[in-house]
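A quick write-up on the structure given underneath.
Side chains included, hydrogens not; waters and symmetry mates left out as well; all remaining heavy atoms used.
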Amino acid sequence: QVQLVESGGGLVPDGGSLRLSCQASGSSFNTYTMGWFRQAPGKEREFVAVIMGSGRTGTAYADSVNGRFTVSRDNAKNSVYLQMNSLKAEDTAIYYCAAGRRIITSSRRLPSAYDYWGPGTQVTVSS
């Protein structure tokens, strides 16, 4: 069982930056693949970024954030981060972190592949 709590959201002007954090409780955090997703009002939850677990290297990003967002993890702190730069109004959403253990590369962008979710943190970019 893993519990996740996001933090770091807020109101930021267009072009600004935010760093989201996701704190995980439970053991074997390093074995979990950690994803970031977001959901804007009236829209489906969408993939943002992922960082693999269990000693596998690799990250992936949605095309819309590639080059602007960076995902990282600190297994010693049971934490995963999302550095968001050059924010745009269309990045406004609730951002969720998610954890899963047996996630293969082909499914890592799918919300259904993840077992645990945090409550989310609101990011609002003012234009």
Side-chain angles (χ1 to χ4, degrees):
Q1 188 81 11
V2 174
Q3 292 184 320
L4 305 171
V5 179
E6 303 92 341
S7 62
L11 176 64
V12 62
D14 187 80
S17 297
L18 279 175
R19 187 191 192 213
L20 304 184
S21 299
C22 176
Q23 179 71 49
S25 64
S27 60
S28 304
F29 173 76
N30 62 300
T31 65
Y32 286 88
T33 290
M34 301 299 297
W36 284 98
F37 292 80
R38 66 187 182 187
Q39 189 165 16
K43 294 188 176 182
E44 297 282 322
R45 189 168 297 190
E46 65 173 2
F47 167 77
V48 175
V50 61
I51 186 165
M52 304 304 286
S54 294
R56 294 175 289 172
T57 58
T59 58
Y61 299 90
D63 290 344
S64 59
V65 308
N66 197 24
R68 299 188 297 123
F69 290 11
T70 303
V71 61
S72 61
R73 66 191 298 161
D74 185 338
N75 290 331
K77 294 183 178 180
N78 277 19
S79 294
V80 63
Y81 308 99
L82 186 68
Q83 177 66 44
M84 306 187 295
N85 299 327
S86 302
L87 283 161
K88 307 174 183 179
E90 51 263 43
D91 295 317
T92 295
I94 299 174
Y95 282 71
Y96 300 91
C97 70
R101 251 182 178 161
R102 287 172 287 275
I103 297 178
I104 58 176
T105 300
S106 61
S107 63
R108 61 187 178 178
R109 296 170 182 255
L110 302 176
S112 59
Y114 293 80
D115 301 309
Y116 305 102
W117 292 82
T121 185
Q122 176 72 47
V123 171
T124 303
V125 184
S126 61
S127 57

Does the distance from a Lys or Arg side-chain N to an Asp or Glu carboxylate O, for D91 and R38, drop under 4.0 Å? yes

Show, in sequence, the C-alpha distance, side-chain angles and deciding distance for F47 and L110, and conclude whether the side-chain contact (heavy atoms from CB on, under 4.5 Å) test is met. CA-CA 7 Å; F47 167 77; L110 302 176; over 6 Å; no

Of all the heavy-atom pairs spanning A113 and S107, show the shortest one and how long it is. CB-O, 3.4 Å

Which heavy atom of G8 sits nearest to which heavy atom of L18, and what is that distance? O-CD2, 3.7 Å

Would you kindly confirm whether M34 and Y95 end up in one hydrophobic cluster when ILVMFWY residues are joined by side chain heavy atoms under 4.5 Å apart? yes

All heavy atoms of S86 vs all of R68, minimum pair found to be O-NH1, 2.9 Å

Mind running side-chain contact (heavy atoms from CB on, under 4.5 Å) on D14 and L87 for me, showing each step along the way? CA-CA 6 Å; D14 187 80; L87 283 161; over 6 Å; no

Worked check of side-chain contact (heavy atoms from CB on, under 4.5 Å) between S7 and S21: CA-CA 5 Å; S7 62; S21 299; 3.7 Å; yes

Within the side chain of S106, is there an N or O that forms a donor-acceptor pair under 3.5 Å with the backbone of I104? no

Taking C-beta and beyond as the side chain, do V80 and V71 meet within less than 4.5 Å on heavy atoms? yes

Verify same cluster id: F29, L20 (apolar side-chain graph, 4.5 Å): yes

Should we count CD of E90 as having more than 12 external heavy atoms under 6.0 Å? yes

Without swapping roles, check the side chain of T92 against the backbone of V125 for a donor-acceptor pair under 3.5 Å. yes

Y116 six-ring face occupied by R101 cation (under 6.0 Å, within 45°): no

So, T121 side chain and G9 main chain: donor-acceptor pair closer than 3.5 Å or not? yes

Treat each ILVMFWY residue as a node, draw an edge where side-chain heavy atoms are under 4.5 Å apart, and state whether I94 and M84 are in one component. no

Pi-cation contact, Y96 with R45 (under 6.0 Å, within 45°): yes

Please determine whether residues V65 and I51 belong to a single hydrophobic cluster, defined as Ile, Leu, Val, Met, Phe, Trp and Tyr linked transitively by side-chain heavy-atom distances below 4.5 Å. yes

Side-chain donor or acceptor of Q1 paired with backbone N/O of S25 under 3.5 Å: no

Please check if the number of heavy atoms outside Q3 that lie under 6.0 Å from its CD is greater than 12. no

Does the side chain of L82 reach to within under 4.5 Å of the side chain of V48, using non-hydrogen atoms? yes

Is the distance between the ring centroids of F37 and Y114 under 6.0 Å? yes

Return yes if a side-chain donor-acceptor contact under 3.5 Å exists between S17 and N85, otherwise no. yes

Heavy-atom pair of closest approach, residues D115 and G100: OD2-CA, 3.8 Å

Do W36 and C22 have side chains that get closer than 4.5 Å, going by heavy atoms? yes

Closest contact, heavy atoms only, Y61 versus A49: CD2-CB, 3.7 Å

What about F69 and Y81, same hydrophobic cluster or not, with Ile/Leu/Val/Met/Phe/Trp/Tyr joined at side-chain heavy-atom distances under 4.5 Å? no

Quick one, T124 with V12, criterion side-chain contact (heavy atoms from CB on, under 4.5 Å). Give me CA distance, side-chain angles, the key distance, then yes/no. CA-CA 6 Å; T124 303; V12 62; over 6 Å; no

Between N30 (side chain only) and G53 (backbone N and O only), is there a donor and an acceptor less than 3.5 Å apart? no

Please find the pair of heavy atoms, one from E6 and one from C97, that lie closest to each other, and give the distance. OE2-N, 2.9 Å

